[in-house]
Amino acid sequence: MTVTMPSLPLTGGCQCGLVRYQIRAVPAMFYLCHCTECQRQTSSAFGESLRCDPASVTVTGAMRTMRRVAESGSVRLGDFCPDCGVRILHRSEGDPGRLNVKAGTLDDAGWLVPAGHIWTRSKQAFVAIGEDELAYPQGPDDGGAALKARWRQMLGNAASEAP
Ligand SMILES: [Zn+2]
Ligand SMILES: [Zn+2]
């Protein structure tokens with residue numbers, strides 16, 4: 001699979017329009033998370049995570065932050081629009097370099113193809129994963145290195161700008 005990314009910056013925002021954002025650098029990876037927390041948070045089958053360099057993301061409009069202690073003990077932060085409730089960002093308190101934009105909020109999300117799937121052990125049965133797709137029963141055991149490499153490969157020429 002190849003990915004044809006629109007020209008930068010990528011833009012997006014919440015449902016009511018209070019929160020808007022820009023992404024000015026090629027994202028490091030895009031993957032789907034099938035964990036039960038993402039299912040509950042999205043009220044859907046999986047979460048969409050577009051990993052971005054925090055320095056490349058600008059948000060306008062004041063967000064509220066939800067704080068949750070993960071099973072691993074690390075503290076996850078979820079930034080959302082206080083008016084319409086749409087989740088915009090996921091962060092990790094102890095790891096400031098880790099920023100995921102919730103990719104369903106992009107103005108144009110039609111180009112996205114996931115580099116892989118994590119937490120497939122709680123995947124809903126109707127979600128089909130291709131045999132050649134990267135899939136991990138829990139979190140990626142290599143810190144996401146294979147997902148990043150696959151994403152770069154899918155991006156082709158645009159990948160030279162990816163972190
Ligand atoms: Zn809103
Ligand atoms: Zn998840």
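Only a predicted model underlies this, so the values are computations on that prediction, with no experimental measurement involved. Counting convention: from 1, in listed order, for ligands and their atoms alike. Heads up: numbering here begins at 1 and tracks the sequence.
- Surrounding CD of Gln15 are at most 12 heavy atoms belonging to other residues, nucleotides or ligands under 6.0 Å away.
- Environment of CZ in Arg68: crowded, with over 12 heavy atoms of neighbouring residues, nucleotides or ligands closer than 6.0 Å.
- Considering all non-hydrogen atoms of both residues, Gly47 and Thr42 come closest at CA-CG2, 4.0 Å.
- Gln39 places a side-chain N or O within 3.5 Å of a backbone atom of Ser122 that can act as its donor or acceptor partner.
- Considering every non-hydrogen atom in both Val19 and Ile88, the closest pair reads CG1-CG1, 4.0 Å.
- Between Pro9 and Arg24, the closest heavy-atom pair is CB-CG, 4.1 Å.
- Around the Zn ion (ligand 2), protein N, O or S atoms at a distance under 2.8 Å total 3; waters are neither shown nor counted.
- Nearest approach of Leu106 to Tyr21, heavy atoms of both residues: N-OH, 3.3 Å.
- Closer than 2.8 Å to the Zn ion (ligand 1) sit the protein N, O or S atoms Cys14 SG, Cys16 SG, Cys81 SG, Cys84 SG.
- Of the options Arg150, Arg51, Glu48, a side chain to side chain donor-acceptor pair (under 3.5 Å) to Tyr31 is made by Arg51 and by none of the others.
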Stepwise, does the side-chain contact (heavy atoms from CB on, under 4.5 Å) test hold for Lys123 with Phe46?
CA-CA 8 Å; Lys123 176 180 83 61; Phe46 49 79; over 6 Å; no
